[in-house]
Amino acid sequence: MQVRLLGSVEVVVGGTVRPVPGLRRKAVLAMLGLHPGQIVSSDRLIDAVWADDAPATALNTLQRHVSYLRDLLGAKDTITARASGYQLVLGDEATDVLAAERLIRAGRQAADPQRTVVCLREAVALWRGRPLTGVTTLRWFAEQADRLDLLEHEAVRSLAEARLELGEHRQLIPGLEQLVAERPLDEGLHRLLLTALYRSGRQAAALERFQQLKRLLAEELGIDPSPALRELETAILRQDPALDTPDSSARIAVAGPPVPSQLPLATRAFAPRVRELAGLDAMLADSRAAGTMLITVVSGTAGAGKTALAVHWSHQVRRSFPDGQLYVDLRGFGGDKLIDPPAVLRRFLDAYGVPGHRIPAGSDELAALYRSVLADRRVLVVLDNARDAAQVRPLLPGSPGCAVVVTSRSRLTELVAFEGAQPVTLGLLTDGEARDLLARRIGADRTAAEPAAVDDVIALCARLPLALALAAASCVTRPELAIAEVNRQLRGSAGPFGALQSVFSWSYRALGPAAARLFRLLGLHPGPDFTAPVAASLTGVPVAAVGPLIAELLGANLLQESVPGRFGFHDLLRAYALDRAGDDETAAGLAAADRRLREHYLHTSVRAAMLLTPARQPLTGLAAAGHAIEAVPADRDTAVAWFHDERQALQAMLRRAADGGHDEHVWQLAWAVQDFLDRWGHWEDQVANQLLATAAAGRLGLPAAQGHAHISASTTYARLGDHDRAQDHLQQALDLFAGLGDCGGQAKVQYQLGWLCNRQGRHGQAVRHARQALRLYRAAGQPMMAARTLNSLGWGYALSGDFVRARPRCELALAQMQRLGDHAFQAGTSDSLGYIHHHLGNHELAIAHYLRALELYRGHDDRYYEADTLDHLGDAHRAAGDPAAARTAWAQAVDILDRLGHADAGRIRVKLAG
């Protein structure tokens, strides 16, 4: 039994098609079919089915229509009556829309292009004509039909891309030419057609097609083809061999930035592993020739130079991976908490500009999206310091154009056996390699002058690269020191690890007192790297004073500069620094350093949070730091960059504060980072933080702080799709604020409840919560929040289709915001009014409101919402009968979204092509 909507509205029972007579009956069934398993309120059904022509008897008529449809479906329980409306209950694939969406999703996530083609062909075959035929005379259903048309177009284009990857270029050309004729401005279709023509030996035809599109875009829209299409034209002109392989043709179609380049700086102390480098080169060449993805595991003992080799080789071959180089230290063998694969996947997706709202919560879904983003791209992935194969597997791309380099102290035999990884085992250096390393670092003249001493250093360091690099650094920083003196200091060590400990100790003792103190205190820092201001706070000295100390540690090879301005050290050195801190610092000194570090991150993050969201109510109860904190972010851009750079350290500091019982820092730090984590989609971190914050605030007896943390947790659970937990946290927050008699807190909860209901499609309930929030904000004397809530109330009415009631509320909200100087929310309210007037048929007013929203968004440099409003403006221009203005607005929106790397650009391109 199934409701079919991808064509005429009908039902299939026992394999027999049963038509649905009557416009209103079709509309009721279609409305329920577009929300399978959800309760659709009677009010919403009436609004959609009758629009502005609902009779006084609409509710009784609706009941009769539902009764008829139950008989048509053959069972009463197929449409169940609920307190507020009706629910269609037909199982997992109650409609052909659900079936199509499942097949499209499976096709896009499939690693095998053959499977992709099978799934997408089945999906496309479900369309039987114009969706919702028979009810599109009703406005709401016409809009839904447009959405389903777009879904079909995207599936058809994805199918063509998959077939192109399989080498079906000649067979594709007739169909692509027809599609291009139907959508002459769709650059994605032109890209596929150009590639298919070129691969079929028709270079001239491909170039002529490009010129035709270029002229059409200039005449119709006044724009040039996208950078990706221009890059494809250049490749065709020069007959780029990359076009001859499916993976490369798709790569050229990828939109330009962002292209991540995350490799750390190559170390000057790299040991010349000539044989291993040649082996890696050969492996890459073999994998390219076979059309497979290279996975190599570089293993060896601690200090053998695994990371140095991987980074050095990656820099050598990076130009072979023009779509980016990804790097992560998985911390498999350090003292820090392991980095789990989902956290790495989110970081990698963020590096490719995937918006936070598109990043799923589940581990499998994350991995599938990651493989989809890297599909058809040539990307080098370096997974450093892996613990085991389980930590690596989810991070493997599926594209043969990619390569993966894994380093580990373990051989990762499972990865070699089951994923076909190529092993590279690093032993100790040969005498010649060790001598060459010392000569390059100390100088050929000095090593030639003391050959016996050099041989002794090599023997005492057990030919271990890390030990040799540290010994060499000691000689470089003290040129007056004879190499033989190093021998004296190293004697007594036995084996590689004894050599390391001896060299660590000797290098540490050679430091000045201030640099030695900085080194041991840096062992307390929990993040992968740090900046000079962090080091200054940790030690309690000015940044100007800590700079020379960092330089001294770099010169001694006890620190590395991973990227300019950010420093870190080998996990063995971190462990040694912590040992030294335990031996050479007092307990009080360590506690003071840890507090300074927490204060640094708390105060800097609070400053960054207010730059990120200037209209946010400031944090109350923040105690002054006990030391000067320098180089805090100065504007929004630097605040965002700081949050990105320090996110791992912030999360680690918050967990450490919780473990150490520093409850005040826990809830305040969670407050400071919440907007950043929310906007950039780090929702698992956000949930973990807010749960710690609710517990900490509860122990401190701060019910208001606890309530706000519950609200933040609720918002995040809602974004993760867990509406039950979201509701539960809001109820706990409501109880806390009610116990305090805090009208403002209760209002915020009601506001969020309305937001949650709108996400669930329960717009009538959302309106009721907005009304309560409005009353409470007014009682609390918060006129600005009351004005924002008035807009929320109007928006709820608009989503319910009640534009007559929506309009005056949003107009009043806008007037109040203007009077109160609330610039942050005026843009959104103007956009709401544009939407309302558009649906009321007042297209000139809609356009005026959208233009005002644009002006405000541009003033705040809010690029995404500027593009979103341009999209709406284009819709309004089209409805007003001005297609040229509509195309101009959509073209501007596409340009912005392309620069942001946002997926909505494709949806708007379809409008341009229509």
Side-chain angles (χ1 to χ4, degrees), residues 1-51 53-55 57-82 84-106 119-152 155 761 801:
M1 187 182 302
Q2 189 181 63
V3 175
R4 299 209 301 187
L5 306 172
L6 299 176
S8 57
V9 177
E10 58 193 27
V11 298
V12 178
V13 180
T16 301
V17 177
R18 297 181 180 180
V20 183
L23 170 63
R24 308 301 177 187
R25 285 174 183 159
K26 283 188 178 77
V28 171
L29 182 61
M31 183 68 169
L32 294 172
L34 288 167
H35 301 86
Q38 300 179 32
I39 299 171
V40 183
S41 70
S42 298
D43 289 343
R44 193 175 177 197
L45 277 163
I46 290 169
D47 285 345
V49 172
W50 281 276
D53 300 322
T57 59
L59 187 58
N60 289 332
T61 305
L62 174 63
Q63 291 170 349
R64 289 197 299 273
H65 287 330
V66 169
S67 179
Y68 179 91
L69 292 170
R70 285 170 176 157
D71 290 340
L72 187 68
L73 290 164
K76 288 187 176 181
D77 59 359
T78 53
I79 303 177
T80 58
R82 301 298 184 190
S84 59
Y86 297 93
Q87 181 181 22
L88 182 69
V89 185
L90 291 180
D92 291 340
E93 292 199 352
T95 70
D96 53 357
V97 175
L98 283 179
E101 289 174 338
R102 176 187 62 77
L103 287 165
I104 292 168
R105 187 166 55 251
C119 291
L120 292 176
R121 274 192 171 132
E122 289 182 26
V124 171
L126 292 173
W127 269 265
R128 296 168 287 111
R130 168 76 165 159
L132 303 173
T133 296
V135 295
T136 52
T137 53
L138 300 170
R139 184 185 63 240
W140 188 85
F141 293 100
E143 293 174 354
Q144 294 303 306
D146 288 342
R147 178 180 69 83
L148 295 172
D149 273 337
L150 173 60
L151 182 66
E152 180 192 20

For [X] and [Y], which heavy atoms make the closest approach, and how far apart are they?
| X | Y | answer |
| --- | --- | --- |
| C119 | A106 | SG-CB, 4.1 Å |
| H35 | V40 | CB-CG2, 3.7 Å |
| A30 | F141 | CB-CE2, 3.7 Å |
| A27 | V49 | CB-CG2, 3.8 Å |
| L23 | G134 | CD1-O, 3.2 Å |
| L120 | I104 | CD2-CA, 3.9 Å |

State the [atom1]-[atom2] distance between [X] and [Y], to the nearest 0.5 angstrom.
| X | Y | atom1 | atom2 | answer |
| --- | --- | --- | --- | --- |
| L32 | I39 | CG | CD1 | 11.5 Å |
| I46 | M31 | CD1 | CE | 11.0 Å |
| L148 | W127 | CG | CH2 | 7.0 Å |
| L132 | K26 | CG | NZ | 11.5 Å |
| R70 | Y86 | CZ | OH | 6.5 Å |
| L90 | L98 | CG | CG | 10.0 Å |

Can you tell if the side chain of L138 reaches within under 4.5 Å of the side chain of R24, non-hydrogen atoms only?
->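 The answer is yes; the side chains approach within 4.5 Å.
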Take V11 and L69, measure what side chain to side chain contact (heavy atoms under 4.5 Å, CB included) needs, and give me the verdict at the end.
-> CA-CA 10 Å; V11 298; L69 292 170; over 6 Å; no
Just one of R4, R128, R102 clears the salt bridge (Lys or Arg N to Asp or Glu O under 4.0 Å) bar with D96, so which one?
->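 Among the candidates, only R128 passes.
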Pairs involving residues 28-42, ordered by first then second residue, that meet salt bridge (charged side-chain N to carboxylate O under 4.0 Å, His left out) (sequence neighbours left out) =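 Counting only pairs at least two positions apart or across chains, no salt bridge (charged side-chain N to carboxylate O under 4.0 Å, His left out) contact touches residues 28-42.
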With sequence neighbours excluded, residues passing side chain to side chain contact (heavy atoms under 4.5 Å, CB included) with T57 =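 So T57 forms a side chain to side chain contact (heavy atoms under 4.5 Å, CB included) with P55, T61.
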With sequence neighbours excluded, residues passing side chain to side chain contact (heavy atoms under 4.5 Å, CB included) with E122 =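 For E122 the side chain to side chain contact (heavy atoms under 4.5 Å, CB included) partners, ignoring immediate neighbours, are L103, V118.
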Check: G37 main-chain N/O paired with Q87 side-chain donor or acceptor under 3.5 Å =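 At least one qualifying donor-acceptor pair exists.
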Taking only residues two or more places apart in sequence or in another chain, which ones pass salt bridge (charged side-chain N to carboxylate O under 4.0 Å, His left out) with [X]?
| X | result |
| --- | --- |
| R25 | none |
| R82 | none |
| R130 | D146, D149 |

Would D77 and V89 count as a side chain to side chain contact (heavy atoms under 4.5 Å, CB included) if you check the C-alpha gap in whole Å, the side-chain angles of each, and the deciding distance to 0.1 Å?
-> CA-CA 7 Å; D77 59 359; V89 185; over 6 Å; no
May I have the step-by-step check of side chain to side chain contact (heavy atoms under 4.5 Å, CB included) for V66 and L45, ending in yes or no?
-> CA-CA 11 Å; V66 169; L45 277 163; 5.8 Å; no
